There are 2 protein chains.
Amino acid sequence: MSLQNLSDQLLHELGRQIVHGVLQPGQSLPKVEDLSAMKGVSRTVVREVLKSLAARRLIESTTKIGTRVCPRSNWQWWDRDVLTWASEVEDNHAFLTNLTEVRLALEPAAMELAARNATEQDIQHIQECFERLQASLDDEEEWVKADYDFHLSLIQASNNELIISLLQTLRLALERSRHTTFHAIRQSPAEPFPGPNEEILDRHRAVMQAICDKDGALARQKMYELLTRVSQLITTNQQGKTKKSKY
Amino acid sequence: MSLQNLSDQLLHELGRQIVHGVLQPGQSLPKVEDLSAMKGVSRTVVREVLKSLAARRLIESTTKIGTRVCPRSNWQWWDRDVLTWASEVEDNHAFLTNLTEVRLALEPAAMELAARNATEQDIQHIQECFERLQASLDDEEEWVKADYDFHLSLIQASNNELIISLLQTLRLALERSRHTTFHAIRQSPAEPFPGPNEEILDRHRAVMQAICDKDGALARQKMYELLTRVSQLITTNQQGKTKKSKY
DNA sequence: AATTATTTGTCCGTATGTATG
DNA sequence: CCATACATACGGACAAATAAT
């Protein structure tokens with residue numbers, strides 16, 4: 001996130017306030033001149049920020065009325081920044097559930113497309129990513145990166161830039177949202193992800209194999225199983241750490 | 001779309017040029033001062049437009065370098081305006097296919113959630129919408145509206161605001177994209193949608209019934225069948241009109 | 001390593017348009 | 001029709017960052 005310039009700083013401040021509910025839908029923002037004075041920036045900066053928020057449909061400006069916060073249903077939820085701000089909300093279990101539901105619908109479907117549309121290069125790239133994953137079985141940090149890239153290689157093989165874009169945005173938000181949620185539960189900075197292990201690796205291999213075999217239905221199913229299994233591990237992992245509370 | 005102010009006009013002009021490929025990724029835009037002179041608007045307006053485009057990640061500005069078009073993979077595809085501009089491209093068959101693939105993955109999945117999460121009010125609203133649909137069997141114009149609202153009532157019953165937002169955006173883009181595609185093939189202004197008929201109505205009823213019965217798997221399947229069937233009708237409908245060419 | 005040129009970023013005084021009362 | 005309040009629009013000035021020399 002680039003906070004180099006004043007516009008971006010104020011954009012994130014106001015965007016966060018809206019998505020976090022400090023500024024409620026229907027509520028009016030101060031007029032440009034007042035905002036400018038309050039935040040100690042020029043009217044130019046304020047206007048640019050309002051345009052950026054309006055592009056995400058968080059606010060709407062009309063003459064005389066002023067600028068008001070739009071209802072949540074109008075928001076452009078699938079904007080990276082909106083999802084980021086939403087991910088930061090504590091007690092956001094419902095949000096995490098919603099994200100997970102979308103992923104569970106989309107990523108397996110993307111595998112079906114990948115089985116159908118993957119090119120030679122796609123297959124090769126997937127295999128390279130899998131080898132990296134396999135090689136990092138004993139390096140948790142490296143595993144996380146390799147896992148991310150492996151999934152990306154699978155998604156890209158769908159050759160549908162709309163799904164690729166959507167899942168990329170989604171995965172980022174999911175990661176951040178899990179981070180917030182689990183840090184809210186306990187203060188430890190540890191990752192909520194289960195460490196690498198043979199079972200999970202096998203499940204990754206099964207997805208890859210199905211795609212190489214052009215078996216769409218199987219690829220979809222194997223990805224669904226992988227995601228639900230990982231989800232389950234995260235949950236039990238988390239419960240174990242909170243319940244037992246060895247500290 | 002509000003084209004009341006200069007910013008919105010220029011925003012759509014430039015956004016369209018980028019998404020349509022007139023301005024290619026990597027290419028630089030004229031500097032603010034030049035754009036201002038070229039388009040006959042103030043620098044303030046130009047700067048606001050650039051912020052709006054940057055919010056959609058179509059462009060990126062850096063000091064000294066100037067403003068350049070981002071690669072397609074960075075674009076915020078799931079922005080209403082970006083999808084609208086993309087829908088306007090003729091020969092956009094691939095785009096339409098991509099949209100359809102996402103819908104085919106998401107809307108059936110949303111039905112599964114609806115079966116699980118629908119409240120009493122949701123069910124009641126769905127039933128009201130169905131009755132409107134049934135009542136408009138002999139009024140094509142009314143059918144289109146009722147059909148839209150019926151699907152919306154189903155989607156809303158998922159009670160997942162992320163899926164609702166996504167499908168709303170998607171359906172709008174799909175409609176526009178179909179419009180462009182079929183108007184490109186033949187000049188007639190007729191809609192590409194098959195007229196209302198009993199079979200399609202029954203398929204709608206089946207989805208509703210499965211949701212009322214809380215049968216998620218069935219609801220998903222019935223929606224999948226409905227969407228593929230309608231898709232098939234549109235295609236054959238279209239082929240019939242172009243091949244035979246009765247005119 | 002220092003200088004210069006270029007472009008975005010920032011500030012502000014002012015003017016216009018439009019809707020409300 | 002006038003007054004008010006706000007967004008919209010204009011443009012001159014300067015600051016900051018960085019590419020090229």
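Order of the sequence lines sets the chain letters (A, B, ...), proteins ahead of strands, with each chain counted from 1. As the structure is a computational prediction, the values presented were derived from the model and not from experiment.
Within residues 25-39 of chain B, the residues that have a heavy atom under 4.0 Å from DNA chain C are, in order of number, Lys31(B), Val32(B). Listed by residue number, Thr63(B), Lys64(B), Ile65(B) are the residues of residues 51-67 of chain B with a heavy-atom contact under 4.0 Å to DNA chain D.
Under the 3.5 Å distance criterion, the side-chain polar atoms of Asn92(B) are left unmatched by any main-chain donor or acceptor of Glu90(B). For Thr84(B) (side chain) and Arg80(B) (main-chain N/O), a donor-acceptor pair under 3.5 Å exists by modelled atom type.
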### Query
What's the verdict on salt bridge (Lys or Arg N to Asp or Glu O under 4.0 Å) for Asp81(A) and Arg57(B), showing C-alpha distance, side-chain angles and the deciding distance?
CA-CA 11 Å; Asp81(A) 295 319; Arg57(B) 294 193 160 73; 3.7 Å; yes
### Task
Give the intermediate values and the outcome of side-chain contact (heavy atoms from CB on, under 4.5 Å) for residues Arg171(B) and Glu107(B).
CA-CA 10 Å; Arg171(B) 270 152 34 91; Glu107(B) 198 158 337; 4.0 Å; yes
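Taking a 6.0 Å sphere around CD of Glu142(A), one finds it holds more than 12 heavy atoms contributed by other residues, nucleotides or ligands. Other residues, nucleotides and ligands contribute more than 12 heavy atoms inside 6.0 Å of the CD atom of Gln27(A). Heavy atoms from other residues, nucleotides or ligands lying under 6.0 Å from NE2 of His93(B) number 12 at most.
For DNA chain D, the span of nucleotides reached by chain A at under 4.0 Å from its heavy atoms goes, 5' to 3', from dA5(D) to dA9(D).
OP1 or OP2 of dG9(C) lies within a sub-4.0 Å distance of a side-chain N or O belonging to Arg47(B).
Rounded to a whole Å, the CZ atom of Arg43(B) is 11 Å from the C1' atom of dC11(C).
Relative orientation of the Trp77(B) and Phe95(B) rings is tilted, given thresholds of 30° and 60° on the angle between their planes.
With a 4.5 Å cut-off on side-chain heavy atoms, Asp147(B) and Leu133(B) count as touching. The shortest distance between side-chain heavy atoms of Ser165(B) and Trp75(A) does not fall below 4.5 Å.
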